[in-house]
Structures are given as C-alpha cells and as structure tokens.
Amino acid sequence: MSVLVYIEHADGSVKKTSLEAVSYAKALSEKTSEGEIVAVALGSISSDELAKAGSAGASKVIHVNDDKLSSGIIQAHAEAVAQVYKQLGAKTLILSKSSLGDAVAARLAIKLDAALISNVVDLPDTGSGYKIKRSIYTGKAFAETVVNKEHKILAVKKNAVDLKSDGADAVIETVVLELSADNFATSITSTDKTTGDILLPEADIVVSGGRGMKGPENWGLIEGLAKELGAATGCSKPVSDIGWRPHHEHVGQTGVKVAPSLYVAVGISGAIQHLAGVNSSKCIVVINKDAEAPFFKAADYGIVGDAFEVLPKLTEAVKALK
Amino acid sequence: MKILVCITHVPDTTSKIQFSDNNTKFDKSGVQFIIGPYDDYALARAVELKEQLGASLTVLNVGEVETEPTLRKALAIGADDAIRVNTFPKDSLFVAQQIAAIAKQNNYDLILMGRESIDFNGGMVHGMVGEMLGMPSVSPVMKLEIEGNTVKMAREIEGGKEYLEAKLPLVAGCQEPIAEWKIPNMRGIMSARTKPLQVVDPLEESNASEVISYQLPPAKGAVKLVDKDNVEELVRLLKNEAKVL
Ligand SMILES: Cc1cc2nc3c(=O)[nH]c(=O)nc-3n(C[C@H](O)[C@H](O)[C@H](O)COP(=O)(O)OP(=O)(O)OC[C@H]3O[C@@H](n4cnc5c(N)ncnc54)[C@H](O)[C@@H]3O)c2cc1C
Ligand SMILES: Nc1ncnc2c1ncn2[C@@H]1O[C@H](COP(=O)(O)O)[C@@H](O)[C@H]1O
C-alpha cells in the first residue's frame, strides 16, 4: 500500500507547501501504517527539484513528463492524478490547499469515489473510526469530522505539520499517460505573474499594509521591511480595491488566507474580515497609530506609533540583527 | 441561454461564531444570515450576463426552509426564479449531488458558484458538480466574458492570474472583481415576492463525512506592547521569545 501526494511546482521549483504535504503524508503513514509515500508531479520539472520530495519524506516520485501538463489545466491534472492513484492502488491522496490544488481535488473526489476533507489542520485520529480536525468559518473555528469512505483525499492547510528535510533520496520514475482531448477542453491563453517574489500563500513571513499607509507611493516602506525579513507583501481589501496593490495580495475573508510564522500588519485597523485571513498565523505584530485599533486584540506584539516613523527604524533594527 | 447560480445561506462575515448543545450545533442566536460573499459576486455577474445576453437566471440553494429569505434576496437582486432543495446541506459531496441532479434536468449553459462557502470554506462544490456533469470547472474566476459559445476567463493563481478559454457549458467558482455586489432596489424587492420559488425533495443521502463536534480556537493572550522608540526590543522579542526570526 502507499499514500499518494500531488505536488505542484511554480516556475520550475517544487512548492514548499507541497513538500509540507509530503511531510504530512509521511507522518500520517507512520501513524496508520499505510506504507510508502509516493509523490506525483506533472509537466516539465528538473529531477533536482523532484528530489526535494525525497528529503521531505517520499520514497518515490512519479513524474508524468508531459509538457501539456506543465500549465495547470484542472481537468487534465485531475485525470492524470486519478490514473496514477488507481495504478498504485492507493487509498489516500494528500495535497496542499492552493488555487490549483482545490480545483483538482474536487474533481478527483468524484473520479475516485473518495471523501474529500479540506482545510485539514492535524493528523487524523484513527483510534476508533477515522476522525480529522479541519478549520471552518474562515479560521474562526474547527470541526472534528468523521470520514466514512474507504478512499480519502485530504487537502492540508499550511503549517499542519512541520516540513521535514531528513528523508532519503527518492526514486524518480518517469511515466507516460494516455489523456484524451476532453481533458484539455479549457486552454490557458496567457499568464500574468510576478516572478521572483515570494508567493504570499507560501510565505513564512508576511508584511501587510492597510489604508494607514496613505498611498501606493509609500509601499517602499513595506517592501523595505519585507526584503530585510525575507517576507512576502500583503494588503487589506480597500488597498487592492483602490488599486494601490494587485488583487492577489489582498488578505482576508475574501482574499488570500495566510498562515505564516510571522504576520506584520501596518496601518490596518483589524476588521473581522481581515482577521479571518490571518488568524492561523503563529505570531502577529501590529503597528498602528491608534491604540484602540481592534487589531491589537488579535496581536501578540504591538507598537502604537506612526508607520512612517516606525517602519524605517524597524527595518534598520532587523538589518542590524544579521 | 440558461444560467444557474448556486448560493449559500451563511452567517454574516462579522458574526461571532459559537456552538451549542455541547459543541455539536452551530449557535444561530443573534446571527444574521447573508448570501455567501463569493456567491454574491457570482450572482452579480450573472445578472449582468442576463441583461447583456437576454439569458434566464435561476438561483439554487440546498437548505432548509430558513434559507428562503436569502433566496428571495437573490430574486430581488435579479434572478428570475429560485429552487430550494429541501434538506440540510451536510457535506460538500451531498450538496454537489443535489446540484448536479437539478442541473441534469434543466440543461443550464452556465453554472456559477462562489469560489468557496464561508462556513466550510471547501472550495469544492463547483469542481465536483463539473466532474459529475462532465463539464469543465474553473475556479477561482475573477473575470468572465461570453462571446458566442466561448467563455473567456481570468483565474487567480498564486502571484498573479492566468487567462483561459473554454466552450459552454461550464461551471465556474467566482470571486471579486468579477462584478460589483448588487444591492436590491425597491422594485426588485417588490417583484421578488411573486417570483417562483420551487421546493424540491433531495436525492438519497450520501454518508461520506459527518461533523461530530466543533471547537473554538484558544483565546489569544494580551498583546505585548513595545515602545515606538525602542523597536530593537521588538526585534529581540521576535527572535528570542516568539522565535520567529
Ligand atoms: C463581506 C466583506 C468582506 C470583506 N473582506 C475583507 C478582506 O478579505 N480583507 C480585508 O482586509 N478587508 C475586508 N473587508 C473590509 C473590512 O471590513 C475593512 O473595511 C478593511 O479591512 C479595512 O481596511 P484597513 O484596515 O486598511 O483600513 P481602515 O479601516 O481605514 O484602517 C486604517 C488603519 O490605519 C491606521 N493608521 C492611519 N494612519 C496611520 C499611520 N500613519 N501609521 C500607523 N497607522 C495608521 C488607522 O488608525 C486605522 O486603524 C470586507 C468587508 C466585507 C463587508
Ligand atoms: N448548500 C448549498 N446550496 C447551494 N450552493 C452551494 C451550497 N453549498 C455550496 N454551494 C456553492 O458551492 C460553492 C463552493 O462551496 P464550498 O465547496 O462549500 O466551499 C459556494 O460558493 C456555492 O456557490
């Protein structure tokens, strides 16, 4: 038996959240004795990158090296993963929650007649039955869910387990699959992507700015601190609504849900819809000139002060640490 | 052209989430229910497409009788008729089965949903329905135009967007800025009272998963404030106490 993990890559690098999914699968298998961890990767990607799945806990990587799969066509990815899963005779599929992962997992649930549990935050309890904890109400609560199907797909939230890097080399096996034309009914005509930046949903540290930053011309201060911290940048919804920052940086209920180790919020009031996107962060720092800003109630550390004074000093202090 | 929009009936985004009956039931007291914010974007785009293309627009909810005011609101915003599948929406697979069954009877050209519900946040129902109906499913969609039989879309991906094309019929999970939320006007509210709202019985229950108990996250401790003239102290705390640097 084995556990299959769907791994994604962006611009030729395996996503860190996908490697976390591999480590999750490994920890799961140690608990449920489901055998070896097999990762599946679709499209062109180097074997060095695939080898990272080995360190994270996989003993084998199945590489479907078909260039048609290099872009994330939802139906085609679902069909390819389903074929690999069936050939392996796996009972469990693990993946990390993402824009593509969610869309692919939903179709897979039907193809594999599997129960799909999303937003998984912990390993299952298999003492009696199969119980799993998942986050609901946009991080405001958890639900203990019993899974009754033999086949299971778990879409794991960031930070559900620690990423491991002590595994051995994985065997990489290249396979060819038959994928009919119907699976390519949607075509990607172009992409518009900032490359080189740290991706917000993957980031371990996030620095976000709100309306208190007064205008897009001041974002250099946010970016300066982010650069020193090795962080991704985010923003509140009004900031992306007015067009100061791109939509994919907007954090919250209707935007990206982040789960970094450190979230730094500058000039953001802390409306409940914003908090919904950050409440899984390990540590929250708030910088706001208003001591009554609601965000302080959700923060671990805070500075009451003017962002324009505090940010340059803080950036210097972080620099001095190195 | 026939458009279906699937809407959820969910607690307002400012609601305090609480549970009752020994943490086995959602506590509805004092909670106001709304159309899911993403579903509201889907509905807003559907109303625009209806006007632009002369399409018919049906809204659908899988839920018990308490969801009818939410369906009426969708009618007031501009849907022509509503369907309620009369059952508790116990999990996403079950909901997807109900939606797919209605869709099979009515042959919609376009099925719009929200990218995710804000109660269970699965982001799964659209993909499941797409697979059940043998249609492409695309999510999260932030732009959607129809030209003849072709749908042109922008989909949000990590760090940007991708542009896609597909043919109708299609299922899409929507998010902003696909359209601006629409607020019902007086005429809409009046006409919604007499628009048809059909109640249908559910298909047999599937039993894939079941929630047995709920839990709230542990309460957050008090914030530790650092003086604005002593930012070095904050850096020290983040490094030595929180251990995040
Ligand atoms: C259905 C729904 C969904 C929503 N989804 C989201 C979402 O996903 N994400 C989101 O962010 N919002 C969301 N919102 C909006 C949310 O309710 C708030 O309006 C929004 O988060 C406020 O953004 P802000 O904190 O940047 O701006 P404001 O509320 O205007 O706050 C600005 C803050 O900056 C501080 N400030 C001003 N000047 C300075 C300075 N010089 N130095 C330091 N601090 C300063 C102020 O004290 C204030 O606290 C949603 C709303 C609804 C109704
Ligand atoms: N009970 C329901 N009734 C109608 N539509 C639903 C229901 N539950 C989910 N949906 C639709 O499916 C989308 C995704 O939901 P989910 O997979 O639960 O995140 C929602 O935004 C709705 O459009």
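Each chain gets a letter, A, B and so on, in the order its sequence line appears, and its residues count up from 1.
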Under 4.5 Å from any heavy atom of chain A - which part of [X]:
X        : answer
B:Asp229 : both
B:Ile17  : side chain
B:Val211 : both
B:Tyr214 : both
B:Arg236 : neither
B:Glu156 : both
B:Val125 : neither
B:Lys239 : side chain
B:Ser117 : neither
B:Lys220 : side chain
B:Pro217 : both
B:Met142 : side chain
B:Leu93  : side chain

- Output for pair (B:Asn121 CG, A:Ser118 OG), nearest 0.5 Å, gives 8.0 Å
Side-chain heavy atoms of [X] within contact of [Y], under 4.5 Å:
X        : Y        : answer
B:Leu234 : A:Tyr301 : yes
B:Glu176 : A:Lys237 : yes
A:Val304 : B:Leu225 : yes

- Start with the C-alpha gap between A:Thr189 and B:Glu165, add the side-chain angles, then the distance that decides, and say whether side chain to side chain donor-acceptor pair (under 3.5 Å) holds. CA-CA 7 Å; A:Thr189 48; B:Glu165 270 183 35; 5.0 Å; no
If every non-hydrogen atom of [X] is compared with every non-hydrogen atom of [Y], which pair is closest and at what distance?
X        : Y        : answer
A:Arg107 : B:Gly127 : CG-O, 3.5 Å
A:Ile74  : B:Ser139 : CD1-N, 4.1 Å
B:Leu216 : A:Ala141 : CD2-CB, 4.2 Å
B:Tyr38  : A:Gln253 : OH-O, 2.7 Å

- Item | Basic-acidic side-chain contact under 4.0 Å: B:Glu158, A:Lys193 | no
Please classify the contact of [X] with chain B as side chain, backbone, both or neither, using a heavy-atom distance under 4.5 Å.
X        : result
A:Gln75  : side chain
A:Leu275 : neither
A:Val286 : neither
A:Pro201 : side chain

- When the ring planes of A:Tyr137 and B:Phe26 are compared, do they come out parallel, tilted or perpendicular, using 30° and 60° as the limits?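 If you compare the ring of A:Tyr137 with that of B:Phe26, the planes turn out parallel.
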Output yes when a side-chain donor or acceptor of [X] lies under 3.5 Å from a complementary backbone atom of [Y], and no otherwise.
X        : Y        : answer
A:Asn148 : B:Asn207 : yes
A:Thr186 : B:Ala166 : no
A:Asp102 : B:Met124 : no
B:Arg155 : A:Ser99  : yes
A:Asp192 : B:Glu162 : no

- Answer yes if the side chains of A:Glu144 and B:Ser213 hold a donor-acceptor pair under 3.5 Å, and no otherwise. no
- Message: salt bridge (charged side-chain N to carboxylate O under 4.0 Å, His left out), that's the test. Do A:Lys97 and B:Glu116 meet it? Break it down for me.
- Response: CA-CA 13 Å; A:Lys97 266 194 85 67; B:Glu116 66 180 36; 5.1 Å; no
